[in-house]
Structures are given as structure tokens and as C-alpha cells.
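Everything numeric in this text was worked out from a predicted model, so none of it was measured.
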Amino acid sequence: KDLQKRAKQHFNYYQTRMSTFPEMYIVEELSHTLKEVVLYESRNDIISAIKMFRAHVSDQFITDCVLRLKPMLMSYHQGFGNPGDISEEVYFVTKGRIEGLHLVEQKLENMEDDLKEEKSGAEDDKVYDAVLATITSDGYELELTNCLHEKPMDLRYRAASVTDV
């Protein structure tokens, strides 16, 4: 049932948010001025939802970002990113909430006895506790600074509700 619900949710989202027409290819061929007008008109809901775009950033910067946006719908507790990964993407939360989790490796001596026996021979299967480090909601970005400076991610992220990113 859960898989059916998630599949239906994905296709409904894709049908309402994504185009099967190669619109970005056509937009790329437009003049700079016309490209900005088309993007602002067609993606105004996303542009107005992202707080960073409301700051004093150039129209060219916004246009460049919008051309690269890949909308995705995240289901409850769906995750992305891992501490230590170098992300080549910036994530903008347009609707919903994302939790940033700090992963702490469990020590074998702190585990329950039955879990100790199961894990004692497996070096590569580590067990982590997740500590909530941050909650991000509508309009905020994730991993912008790390992406720009090619630094590793500090957190693991997951949707705290059904979320548009």
C-alpha cells in the first residue's frame, strides 16, 4: 500500500510539475532578455519561494540558477546526502521541511547484547545514531556554501514531511 501511494504521488507530482516537452532546450536558444522574461513567468512560484533570490542578487544569477533547477518531491523520511560526500548540488526547499541529521557512530560496547553479537563480525556495517541538528523549511537552501567551496557535507538530510525541493 505504501509503495502504491508513493508511486501515485510521484506520478501526480511529475505530471503537474514537470514537462515532457524539452522546454529548457528551447529556452537556452532564446536571447538573454527573452530568456529572463520566460523564466520569470514560468518559474515565478519557485523564484518567489526561495529566500536567497529575494536578496540583492542579479537577474543573471537567478536565471542561471533557474535553468539548472530539477524539481523533486521527497516523501516522508526520504533522505539524501551523507556526511563526507562532496555535493555538486544545492538544494532549495520550496515547500515542506527538511531535517539535517548529524550521524554519530555507535560504539560496540554501547549496543544491546543481541545487536552486539550480530555486528561483532561485520566491520563494514556500522550503526549510527542520528542527532537532529537543524530543521529547514520553505525558502531556504541546503549545502550552498559547501558546494561553492567544494567542502564535504556535514549532515545527512531527510524530509520531515512531504517536501518539494
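- Residues Ile98 and Leu142 form a side-chain contact, since some pair of their non-hydrogen atoms from C-beta on lies under 4.5 Å apart.
- Shown here is Lys151, whose NZ atom has no more than 12 heavy atoms of other residues, nucleotides or ligands within 6.0 Å.
- Counting heavy-atom neighbours within 6.0 Å of Gln60 CD, excluding the residue itself, gives a total above 12.
- Contact record, Glu143 with Val90: O-CG2, 4.2 Å, taken as the closest heavy-atom pair.
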Checking Tyr140 against Met52 for the side chain to side chain contact (heavy atoms under 4.5 Å, CB included) test, could you report, in this order, the C-alpha distance in whole Å, the side-chain angles of both residues, the deciding distance, and whether it holds?
CA-CA 7 Å; Tyr140 288 95; Met52 184 177 82; over 6 Å; no

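- Here the CD1-CD1 distance, from Ile62 to Ile46, works out to 13.0 Å after rounding to the nearest 0.5 Å.
- Put simply, OG on Ser137 and CD on Glu99 are 12.0 Å apart, with the number rounded to the nearest 0.5 Å.
- Side-chain contact check for Glu89 versus Lys70: some heavy-atom pair is nearer than 4.5 Å.
- In this structure, Leu34 is a member of the same hydrophobic cluster as Val66, with clusters built from ILVMFWY side-chain heavy atoms closer than 4.5 Å.
- Nearest heavy atom pair, residue Asp154 against residue His102, reads O-ND1, 4.3 Å.
- Proximity of the aromatic rings of Tyr157 and Tyr91 is defined here by a centroid distance below 6.0 angstrom, and this criterion is not met.
- Remark: aromatic rings of Phe53 and Phe92 are close, center separation under 6.0 Å.
- Taken from SG in Cys147 to CE in Met153, the straight-line distance is 9.5 Å, to the nearest 0.5 Å.
- Rounding to the nearest 0.5 Å gives a distance of 9.5 Å between OG of Ser161 and NZ of Lys95.
- Taking 4.5 Å as the limit, some side-chain heavy atom of Arg158 sits within range of a side-chain heavy atom of Leu101.
- Side-chain contact between Thr163 and Leu73 is absent, with no heavy atoms from C-beta onward closer than 4.5 Å.
- Looking at Leu148 and Asn146, their side chains never come closer than 4.5 Å, going by heavy atoms from C-beta outward.
- When side chains are defined from C-beta on, Ile135 counts as touching Arg97, because their heavy atoms get closer than 4.5 Å.
- The two residues Leu144 and Glu141 come nearest to each other via the heavy atoms CB-OE1, 3.2 Å.
- Across all their heavy atoms, Ala49 and Thr94 have their closest contact at CB-O, 4.1 Å.
- Here the closest non-hydrogen pair linking Leu103 and Pro83 is CD1-CD, 4.0 Å.
- Thr63 places no side-chain N or O within 3.5 Å of a backbone atom of Phe61 that could act as its donor or acceptor partner.
- Nearest heavy atom pair, residue Gly84 against residue Pro152, reads O-CB, 3.5 Å.
- Side-chain N or O atoms of Asp138 include one that pairs as donor or acceptor with a backbone N or O of Gly96 at under 3.5 Å.
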Walk me through it: do Val93 and Asp164 pass the test side chain to side chain contact (heavy atoms under 4.5 Å, CB included)?
CA-CA 6 Å; Val93 180; Asp164 286 330; over 6 Å; no

